[in-house]
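Everything below concerns the one structure shown next.
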Amino acid sequence: MTILATLTDGLGAVRHALRRHFLLGLVAVTGLALVPLPATAQQRAAPPAELKQITNDLYFFYEFSGSNAVFMVTDEGVLVIDTRTHPRPGQALIDMIRKVTDKPIKWVINSHFHGDHHFGNAPFKAAGATFVAQAETARLMQHVQAKEMARRIDGFKNQGLDPNEVKLVLPDVTFDTNMTIKLGGREARLMYFGPGQQAGDTFIAIPHARALFTPGAFGKRSMPNMAFTPSVDNWVRLLEQVAAMDVDRILPAHGDVATRADVKELAAMLADEYATVKDAVAKGMSVDDAVKTLTFPQYKDWRNYNRLAGEIRALYELIQTGKRSYLD
Ligand SMILES: [Zn+2]
């Protein structure tokens, strides 16, 4: 694997990123004066976005502080997995593809309903791509569109992105459990194993590259959002199944290129987090006390550790009510 280039979306993005880090620094300092905040990966400088070449025809766009994307280049055209969080970074992804090939962008797969994986769809639509998603993803993309926008507005503003530019682009083709896309002698095999992090989460095997794209269910050393899962047990089982698949490299929706051992590590973390929170509920601990006392210091260097309080609250909701209010 070689690092092709270190990319940014231009000076504006760099400026905004610097400002963000500066503000985070201030928050950390203020936090230290009032309530000690653990140093997290987010509070250190996030690594710059990179385009990594995985094989001669497969590319992984990795953005630690955002979301990842994958594209496969063939003689007949390009297949893209996920389009980033907004039409402008979506267009920046197209610009990266255009530096590698002038072949048409034929297919776009949206791996799950979170806006940071499909809000960049519009410029790909304009480029003539056919969009594919699992049927539940298609449904949820419409159903929670307003909530997905609402939870990203501040992020858009911090990055100088206009929320009004986001247009919902729904799939042209949906599938239930399996679908194979053939393009230029290559294959992408789309697989749905049921809900882990959420319904509709789509895994995509690229057999010739012995690579597997993983959706929201897995991110390398990344603490996942717990607001959508109907069953952490199913999620852990699903990850154990994925970790046993015959592939050499994992290309996650968040976090860097990973191995099957990293998938096992996340399964163990989820099982640990879930068991710990379940135990607190069983002991009658209030959710506010759980947020204060369950600090999981062993994961302090993981991506999104700073969101832990919200994840504990989301697990309390699941354990105590069985509900996923975000999906209402
Ligand atoms: Zn995401």
Side-chain angles (χ1 to χ4, degrees), residues 9 20 40-42 46-47 49-50 60-71 80-90 92-93 108-121 124 131 133-134 136-138 140-156 158-159 161 163 166 168-169 171 192 195-204 212-229 235 238-239 242 250-258 262-263 266 269-270 302-308 310-311 314 324 326-327:
D9 296 332
R20 243 186 357 263
T40 70
Q42 279 77 16
E50 292 172 17
F60 179 68
F61 173 75
Y62 168 43
E63 187 175 42
F64 176 90
S65 56
S67 53
N68 302 336
V70 166
F71 60 94
V80 178
I81 305 172
D82 288 349
T83 60
R84 308 184 69 197
T85 196
H86 182 279
R88 287 182 189 268
L93 179 60
V108 170
I109 303 161
N110 291 129
S111 67
H112 57 300
F113 74 86
H114 298 178
D116 54 326
H117 304 271
H118 70 84
F119 279 176
N121 276 359
F124 291 87
F131 288 74
Q134 202 276 343
E136 276 296 296
T137 293
L140 289 165
M141 280 168 76
Q142 301 174 76
H143 186 62
V144 297
Q145 159 77 354
K147 288 179 182 173
E148 285 294 301
M149 275 300 294
R151 72 182 174 113
R152 293 191 161 77
I153 293 279
D154 288 347
F156 288 156
N158 289 339
Q159 295 172 74
L161 299 171
V166 175
L168 184 61
V169 175
Y192 179 49
Q197 189 189 31
Q198 57 254 320
D201 238 1
T202 298
F203 292 78
I204 302 148
L212 179 75
F213 174 90
T214 56
F218 170 73
K220 182 175 178 177
R221 294 182 79 83
S222 184
M223 297 189 79
N225 190 322
M226 307 304 286
F228 324 107
T229 181
W235 186 354
L238 180 156
L239 288 179
V242 166
I250 307 283
L251 308 177
H254 288 286
D256 205 349
V257 178
D262 296 319
V263 177
L266 183 72
M269 189 283 282
L270 285 178
W302 284 43
R303 189 176 175 278
N304 289 340
Y305 176 80
N306 58 338
R307 299 184 187 171
L308 180 61
E311 308 318 346
R324 309 285 46 199
Y326 189 85
L327 304 177

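Start at 1 and go down the list; that is how both ligands and their atoms are numbered. Note that the structure is a prediction, hence the values are computed from the model and not measured.
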Parallel, tilted or perpendicular, as decided by the 30° and 60° cut-offs, for the rings of F156 and F119 |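 Judged by the thresholds at 30° and 60°, the geometry between F119 and F156 is tilted.
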
Parallel, tilted or perpendicular: rings of H112 and H117 (30°, 60°) =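 Rings of H117 and H112: tilted, 30 to 60°.
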
Residue list, side-chain hydrogen bond (donor to acceptor under 3.5 Å, both in side chains) with T214, at least two apart or on another chain |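 Applying side-chain hydrogen bond (donor to acceptor under 3.5 Å, both in side chains) to T214 gives none.
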
Could you list the residues that satisfy side-chain hydrogen bond (donor to acceptor under 3.5 Å, both in side chains) with Q145, not counting sequence neighbours?
->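 By the side-chain hydrogen bond (donor to acceptor under 3.5 Å, both in side chains) rule, Q145 matches no residue at all.
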
Not counting sequence neighbours, which residues clear side-chain contact (heavy atoms from CB on, under 4.5 Å) with R221? List them please.
->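 Only E265, W302 meet the side-chain contact (heavy atoms from CB on, under 4.5 Å) criterion with R221.
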
Around the Zn ion (ligand 1), how many protein N/O/S atoms fall inside 2.8 Å?
->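 Excluding waters, the total comes to 3.
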
Any side-chain heavy-atom pair of P252 and D262 under 4.5 Å |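 Side chain of P252 against side chain of D262, heavy atoms only: no contact under 4.5 Å found.
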
